[in-house]
Amino acid sequence: MPKTHFDAIETNSLTVAGQPVGGSNVIAATVTFDPPSLATMTGAVSSAITVTGAVLGRRVEVFPPYDLQGVQVQAYVSAANAIKFSLFNPTGATIDLASGSWKVKVVAP
């Protein structure tokens with residue numbers, strides 16, 4: 001079977017849809033977030049949390065510090081240098097997650 005050869009790609013020069021990917025286009029941060037208590041089938045959106053360098057239109061990845069117990073969490077850039085968390089509790093019980101240090105990544109599309 002013939003072997004396939006791949007040349008290395010320098011990620012700082014990689015672009016997707018005309019936007020650079022990799023290198024300085026990923027912002028990693030740790031933020032303190034205390035989610036509100038969520039009754040069954042309810043949701044909430046946090047106030048703005050500062051993440052320096054966040055830009056509208058970029059994706060936010062969320063890494064919680066504990067088990068979410070079924071709560072669904074997303075984050076998004078809400079303004080320059082700011083993100084918000086959006087939470088929803090689809091379970092049959094009220095869930096009150098503790099305050100913690102959440103890791104987030106803001107990534108260029």
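Count residues from 1 along the sequence.
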Q. For W102 and I49, what are the C-alpha separation, side-chain angles and deciding distance, and is it a side-chain contact (heavy atoms from CB on, under 4.5 Å)?
A. CA-CA 11 Å; W102 292 57; I49 300 167; over 6 Å; no
For [X] versus [Y], what's the shortest heavy-atom pair and its separation?
| X | Y | answer |
| --- | --- | --- |
| A54 | I27 | N-CD1, 3.8 Å |
| V62 | A75 | CG2-CB, 3.4 Å |
| S101 | P65 | O-CB, 3.5 Å |

(Q) In the structure I gave you, are the side-chain heavy atoms of F33 and L97 within less than 4.5 Å of one another anywhere? (A)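 No, side chains not in contact.
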Q | OG-OH distance between S99 and Y66, expressed to the nearest 0.5 angstrom | A |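 Answer for the OG-OH pair, S99 versus Y66, is 7.0 Å.
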Q: Kindly compute the distance separating NZ (K103) from CD (E61), expressed to the nearest 0.5 Å.
A: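 So the gap between those two atoms works out to 14.0 Å.
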Q) Checking side-chain contact (heavy atoms from CB on, under 4.5 Å) for the pair V77/V55: CA distance, chi angles, key distance, verdict? A) CA-CA 6 Å; V77 177; V55 176; 5.6 Å; no
Q.
Same cluster or not: L68 versus V31, using hydrophobic residues (I, L, V, M, F, W, Y) connected whenever any side-chain heavy atoms lie under 4.5 Å apart?
A.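 Yes, L68 connects to V31 through the hydrophobic network.
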Q. Are V60 and L56 connected in a single hydrophobic cluster, I mean Ile/Leu/Val/Met/Phe/Trp/Tyr linked by side-chain heavy atoms less than 4.5 Å apart?
A.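 Yes.
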Under 3.5 Å, which donor-acceptor pairs link side chains of residues 80-96 to any protein atom two or more places apart or in another chain?
residue : atom : partner : partner atom : Å
N81     : OD1  : G53     : N            : 2.6
N89     : OD1  : T91     : N            : 2.9
N89     : OD1  : T91     : OG1          : 2.6
N89     : ND2  : L38     : O            : 2.9
N89     : ND2  : A39     : O            : 3.4
N89     : ND2  : A93     : O            : 2.8
T91     : OG1  : A93     : N            : 3.4
T91     : OG1  : A93     : O            : 3.1

Q: State whether the number of non-hydrogen atoms from other residues, nucleotides or ligands found under 6.0 Å of Q74 atom CD is greater than 12.
A: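 No, the 6.0 Å shell around CD holds no more than 12 heavy atoms from other groups.
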